[in-house]
Amino acid sequence: MPDWPDLLAPVEQVAPRLLGALLRHDGVAVRITEVEAYAGTDDPASHAFRGPTRRNATMHGDAGHLYCYFTYGMHVCANVVTGEPGVASAVLLRAGEVVEGVDLARTRRGAVPDDRLARGPANLCRALGLGLADDGSPLDGSTGTRLALTDPGPGGTGVRRGPRVGVRTGWATPWRWWYDGDPTVSAYRRHPRADAAVPGLEPGPQQGP
DNA sequence: AAACAGATCTACT
DNA sequence: GTAGATCTGTTTT
């Protein structure tokens with residue numbers, strides 16, 4: 001992963017840096033506009049919190065790979081694995097703007113406004129054609145050209161942060177970042193059964209709903 | 001072999 | 001803005 005030396009940095013530093021990155025897969029490219037950080041074994045909201053399982057095995061592996069998981073009986077979401085092996089941290093790709101292969105994305109998503117083609121983590125995967133089979137794939141294009149993540153370089157203005165969407169525990173931790181005012185960013189939603197507020201991993205100023 | 005739980009989505013008022 | 005459906009992969013007996 002020569003282009004991504006900082007994927008080994010703490011995930012809350014890596015996550016906002018992925019804003020603006022281009023993710024390509026199978027004919028569609030998306031410019032990432034919204035991300036969330038999950039700090040592996042230290043983070044109660046993380047899939048890796050209760051140790052390694054078959055499902056989250058990819059999270060415990062090398063950085064720069066795609067962690068895809070299945071949820072709600074019909075959805076797949078994708079993360080970029082970060083940190084040293086064993087750390088099991090990852091960045092959830094929550095939303096993006098389709099900048100390439102718009103027609104193909106429309107075909108995959110059906111009749112929705114273009115703004116919403118990749119709005120929401122599961123929708124983003126659908127637009128890109130990502131599935132459970134892509135779990136564990138490297139993002140540097142080393143095993144073929146189907147999948148690749150490209151660094152936008154430094155930059156990025158108008159970034160806001162706030163609590164993570166839809167997590168039951170640890171939701172107060174403001175580890176979601178997005179481009180302010182971008183129409184492709186998903187709406188904030190608190191988990192229906194969210195725990196009572198507890199001290200987050202990184203208490204501090206929040207902006208959110 | 002069975003129960004569980006879910007980092008959501010769409011539709012609807 | 002809010003309410004409700006939904007159903008498979010994963011985990012656990």
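A, B, ... follow the sequence lines: proteins, then strands. Residue 1 opens every chain. Computed from a predicted model, the values in this text were never measured in an experiment.
For L92(A) and dG6(B), the CG to P distance is 16 Å, given to the nearest whole Å. Straight-line distance from the CG atom of L117(A) to the P atom of dC9(B): 13 Å, rounded to whole Å. Atom C1' of nucleotide dA7(B) and atom CZ of R190(A) are separated by 16 Å, given to the nearest angstrom.
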Practice item. Please test R164(A) against E36(A) for salt bridge (charged side-chain N to carboxylate O under 4.0 Å, His left out), starting from the C-alpha separation and ending with a verdict. Key: CA-CA 7 Å; R164(A) 293 174 290 188; E36(A) 277 176 5; 5.6 Å; no
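Distance from the side chain of R109(A) is smallest for dT10(B) among the nucleotides dT10(B), dC9(B), dG6(B).
Among the atoms of the strands shown, base atoms are found under 4.0 Å from some heavy atom of A45(A). Within the 4.0 angstrom heavy-atom criterion, only backbone atoms of the sugar-phosphate kind lie near N123(A); the bases stay farther away.
At a cut-off of 3.5 angstrom, counting only N and O atoms as typed in the model, there is a donor on one side and an acceptor on the other between the side-chain of H47(A) and the base of dA7(B).
Residues V76(A) and V28(A) fall into different hydrophobic clusters, defined by Ile, Leu, Val, Met, Phe, Trp and Tyr side chains chained together at heavy-atom separations under 4.5 Å. With hydrophobic clusters built from ILVMFWY side chains whose heavy atoms lie under 4.5 angstrom apart, L19(A) shares a cluster with L128(A). By the criterion of side-chain heavy atoms lying less than 4.5 angstrom apart, applied directly or through intervening Ile, Leu, Val, Met, Phe, Trp or Tyr residues, Y38(A) is grouped together with Y188(A) in one hydrophobic cluster.
Salt bridge present: D182(A) and R31(A) bring a charged side-chain N and a carboxylate O closer than 4.0 Å. Residues D134(A) and R146(A) are paired through a salt bridge, judged by an N-O separation under 4.0 Å between the basic side chain and the carboxylate.
Per the stacking criterion (ring centres < 5.5 Å, plane angle < 30°), Y69(A) does not stack onto the base of dA7(B).
To the nearest whole angstrom, the two C1' atoms, one in dT10(B) and one in dG9(C), are 22 Å apart. Distance noted for atom C1' between dA11(B) and dT8(C): 22 Å (whole Å).
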Review point. Where along nucleotides 2-13 of chain C does protein come under 4.0 Å, by heavy atom, of base (B) or sugar-phosphate alone (S), with - for untouched nucleotides?
Key: -BB-SBBSSS--
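Formation of a donor-acceptor pair under 3.5 Å by the E34(A) side chain with backbone atoms of Y179(A) is not found in this model.
Seen from the ring of W178(A), R94(A) does not count as a face-on cation partner, given the 6.0 Å and 45° thresholds.
Heavy atoms from other residues, nucleotides or ligands lying under 6.0 Å from CZ of R108(A) number more than 12.
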Study note, to complete from the structure: DNA chain B in dot-bracket form (Watson-Crick or G-U pairs under 3.5 Å, [ ] crossing, | inter-strand) is ||||||.|||||.
